S.K.: 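Sharing a structure, written as structure tokens. Questions coming.
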Amino acid sequence: EAQVTQNPRYLITVTGKKLTVTCSQNMNHEYMSWYRQDPGLGLRQIYYSMNVEVTDKGDVPEGYKVSRKEKRNFPLILESPSPNQTSLYFCASSPGRHTQYFGPGTRLTVL
Amino acid sequence: AQKITQTQPGMFVQEKEAVTLDCTYDTSDQSYGLFWYKQPSSGEMIFLIYQGSYDEQNATEGRYSLNFQKARKSANLVISASQLGDSAMYFCAMRPHGNFGNEKLTFGTGTRLTIIP
């Protein structure tokens with residue numbers, strides 16, 4: 001089954017404790033992206049990647065890092081999480097302009 | 001820069017009625033795509049329908065159709081014969097085709113649709 005997977009789905013952590021949210025797609029898509037969703041703001045792009053070893057910032061990259069060492073994986077790294085990074089995070093991949101496939105979301109709470 | 005405006009924070013509709021969710025957009029790009037996504041209470045983002053700016057006909061996918069009025073910069077989603085399972089948050093989004101490499105979607109703030117039995 002073609003899909004985008006994210007782990008963990010839910011995470012409660014404390015300020016400053018490094019964490020990684022994994023994202024994997026099995027559709028051989030070159031393009032992958034991370035968004036965060038906050039009430040009243042819709043979804044905003046954090047980082048994106050056009051291909052292996054090619055990444056760039058989106059609209060809200062502060063406090064996040066990414067890497068793209070393999071085509072299928074695009075982890076989101078929070079080196080020192082803060083409460084304002086409490087959000088719902090989505091990974092997405094795309095084969096082209098018509099469709100983006102979203103993962104199931106990761107609900108992160110930073111205390 | 002692109003901007004999506006969804007002016008209806010919430011809507012209540014009787015089951016089996018048709019419903020129109022409003023979306024207006026602002027862009028200086030000539031070629032772009034418009035998308036609608038559904039987000040049920042479980043949280044996942046479900047792609048519903050796509051409209052290209054140069055498509056001559058309005059897009060349709062089953063009970064979903066997109067009322068695209070390019071001159072007005074509007075891309076309203078129409079759901080025919082609404083069902084209880086249509087209760088969800090709905091997001092309008094767009095992406096300019098000229099952004100080489102970044103397929104970033106710009107989202108509106110969403111409309112929460114509730115279907116009443």
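Hydrogens, waters and symmetry mates are skipped; everything else that's a heavy atom, side chains included, is used. Per chain, numbering begins at 1; letters A, B, ... match sequence-line order. Everything numeric in this text was worked out from a predicted model, so none of it was measured.
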S.K.: Do you reckon B:Met89 sits in the same ILVMFWY cluster as B:Ile4, going by side-chain contacts under 4.5 Å, direct or chained?
M.R.: no
S.K.: Heavy atoms, side chains only, cut-off 4.5 Å: are B:Met45 and A:Tyr101 in contact?
M.R.: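 Counting from C-beta outward, B:Met45 and A:Tyr101 never come under 4.5 Å.
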S.K.: Which one wins on heavy-atom pair count under 4.5 Å against chain B: A:Arg44, A:Glu30, A:Gln45?
M.R.: A:Gln45
S.K.: In terms of heavy-atom proximity below 4.5 Å to chain A, should B:Gln39 be classed as side chain, backbone, both, or neither?
M.R.: side chain
S.K.: Do other residues, nucleotides or ligands put more than 12 heavy atoms under 6.0 Å from B:Gln57 CD?
M.R.: no
S.K.: Tell me, yes or no, whether the heavy-atom count around B:Lys70 atom NZ, taken from other residues, nucleotides or ligands under 6.0 Å, exceeds 12.
M.R.: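 Yes, because the 6.0 Å sphere around NZ of B:Lys70 holds more than 12 heavy atoms from other groups.
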S.K.: Find the distance between CG (A:Leu43) and NZ (B:Lys104) and round it off to the nearest 0.5 Å.
M.R.: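 Reported to 0.5 Å precision, the distance equals 12.0 Å.
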S.K.: Treating Ile, Leu, Val, Met, Phe, Trp and Tyr as nodes and any side-chain heavy-atom pair under 4.5 angstrom as an edge, say whether B:Tyr90 and B:Tyr25 lie in one connected cluster.
M.R.: yes
S.K.: Establish whether B:Ile79 and B:Val13 are linked, either directly or via other cluster members, by ILVMFWY side-chain heavy-atom contacts under 4.5 Å.
M.R.: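 Yes; tracing contacts between hydrophobic side chains, which count when under 4.5 Å, links both residues.
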S.K.: Please output the residues of residues 54-67 of chain A in contact with chain B, using a heavy-atom cutoff of under 4.5 Å, in numerical order.
M.R.: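 Heavy-atom contacts from residues 54-67 of chain A to chain B are A:Asp59.
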S.K.: State whether the number of non-hydrogen atoms from other residues, nucleotides or ligands found under 6.0 Å of A:Ile12 atom CD1 is greater than 12.
M.R.: no
S.K.: Considering only residues two or more places apart or on different chains, which pairs with a residue in residues 15-53 of chain A satisfy disulfide (SG to SG under 2.5 Å)?
M.R.: A:Cys23-A:Cys91
S.K.: Enumerate by number any residue of residues 102-111 of chain A whose heavy atoms lie under 4.5 Å from heavy atoms of chain B; in the absence of such residues, state 'none'.
M.R.: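 A:Phe102, A:Pro104 fall under the 4.5 Å cut-off.
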S.K.: Is B:Met94 linked to B:Tyr50 within one hydrophobic cluster, defined over Ile, Leu, Val, Met, Phe, Trp and Tyr using a side-chain heavy-atom separation of less than 4.5 Å?
M.R.: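 No, B:Met94 and B:Tyr50 fall in different hydrophobic clusters.
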S.K.: Any link between A:Leu88 and A:Leu11 through a network of hydrophobic side chains (Ile, Leu, Val, Met, Phe, Trp, Tyr) touching at under 4.5 Å?
M.R.: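 No.
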S.K.: How many angstroms lie between atom CD of A:Gln6 and atom CD of B:Glu44, to the nearest 0.5 angstrom?
M.R.: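 Interatomic distance, A:Gln6 CD to B:Glu44 CD, rounded to 0.5 Å: 11.5 Å.
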S.K.: Which of residues 105-112 of chain B have a heavy atom under 4.5 Å from any heavy atom of chain A?
M.R.: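 Contacts with chain A: B:Leu105, B:Phe107, B:Gly108, B:Thr109.
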S.K.: Decide yes or no for A:Gln37 and B:Phe91: does some side-chain heavy atom of the first lie under 4.5 Å from some side-chain heavy atom of the second?
M.R.: yes
S.K.: Counting neighbours of CD on B:Gln30 that are heavy atoms of other residues, nucleotides or ligands and sit closer than 6.0 Å, is the number greater than 12?
M.R.: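 Result for CD/B:Gln30: open.
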